Amino acid sequence: MKSEHLVLGIGGLAFVGMVIGALVSSGLYEPDAQERLRDIKREQVQNQTQEMTPSNQMLATPKGQTTQQGTGGELAWNRPDAQMGQMQALNKAPTVKYQGNVLRMLSRGDTIGWGQVHIWVDTGPGVAKEVSIGPNWFLNHLGCRLSKGKNVRGIAYKFDKQDPNGLLYAKNIVVDGITCRLRNDEGFALWSNRLG
């Protein structure tokens, strides 16, 4: 055996020894290392839970209710009723029907990039309702040709419950026998490509 082979063999054995030593010192070869890690995490969670102030616990309670820490160490926010208190039901906006001739048309926001066609519909003697329809490009895409004097009808959302003459947001509009769907059942604009 040549001396070069001997040096290479010793060097290789030294390298393997260093790798094994590094693995053993990092705890990867200890059979119960995973269990010890779980114990440490459990202790950290318990410590964080005990450090919660009463005001933090109150954040996890349903509106109008107060909670106390249980006698057995169980925190109030661990109870199922308290966890559900953070969720609030989404109230669906009421819808109204509109029908009449288009008295006026206006595109709002064209200069700032979000142009939105609004129409005023003659809904009775001296009464006009403003209805937000949608962007002009979306109406063209749907083949929805609006113009002053056309008779239109449809269903609209009324998000403002305080103002009886508040702005309506068209869910759909029928023009020349064509129904143009503009918003989904939750009121989200279909042209925004969200939840459509």
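Owing to the predicted nature of the structure, the values given are computational and were not obtained by experimental measurement.
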Report yes or no: do L167 and L103 belong to one cluster of Ile/Leu/Val/Met/Phe/Trp/Tyr joined by side chain heavy-atom distances under 4.5 Å?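 No; L103 is not reachable from L167 via cluster members.
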With a 4.5 Å cut-off on side-chain heavy-atom distances among I, L, V, M, F, W and Y, is there a chain of contacts connecting L142 to V174?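 Different clusters.
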Do you know which two heavy atoms are closest between [X] and [Y], and how far apart they sit?
X: F138; Y: R181; value: CE2-O, 3.8 Å
X: G143; Y: I178; value: O-CD1, 3.9 Å
X: L168; Y: A156; value: CB-CB, 3.8 Å

Residue pair [X] / [Y], side-chain heavy-atom distance below 4.5 Å:
X: L139; Y: L182; result: yes
X: L146; Y: V152; result: yes
X: Y98; Y: I155; result: no
X: F188; Y: R183; result: no

Distance from N151 atom CG to D122 atom CG, nearest 0.5 Å?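 One gets 9.5 Å once the value is rounded to the nearest 0.5 Å.
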From SG (C144) to CG (N172), nearest 0.5 Å: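 Taking SG in C144 and CG in N172, the distance rounds to 9.5 Å.
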Applying salt bridge (Lys or Arg N to Asp or Glu O under 4.0 Å), name anything that partners K148, two or more places apart in sequence or on another chain.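 Testing K148 for salt bridge (Lys or Arg N to Asp or Glu O under 4.0 Å), a comparison that skips the adjacent residues, returns none.
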Check each of L106, N101, V102 against W120 using the side-chain contact (heavy atoms from CB on, under 4.5 Å) test, and report the only one that passes.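 Among the candidates, only L106 passes.
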Using distance alone, with no hydrogens and no angle criterion, decide if N140 and R145 have a side-chain donor and acceptor under 3.5 Å apart.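 Present: a donor and an acceptor within the cut-off.
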Side-chain polar contacts of residues 125-137 - donor-acceptor pairs under 3.5 angstrom, sequence neighbours left out - could you list them?
unit_1, atom_1, unit_2, atom_2, d
K129, NZ, P164, O, 3.0
E130, OE2, R108, NH2, 3.4
E130, OE2, H118, ND1, 2.8
S132, OG, Q116, OE1, 3.4

Determine which pairs satisfy salt bridge (Lys or Arg N to Asp or Glu O under 4.0 Å) with at least one residue from residues 152-180, sequence neighbours left out, and list them in order.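 Residue pairs passing salt bridge (Lys or Arg N to Asp or Glu O under 4.0 Å), neighbours aside: K150-D176, K171-D185.
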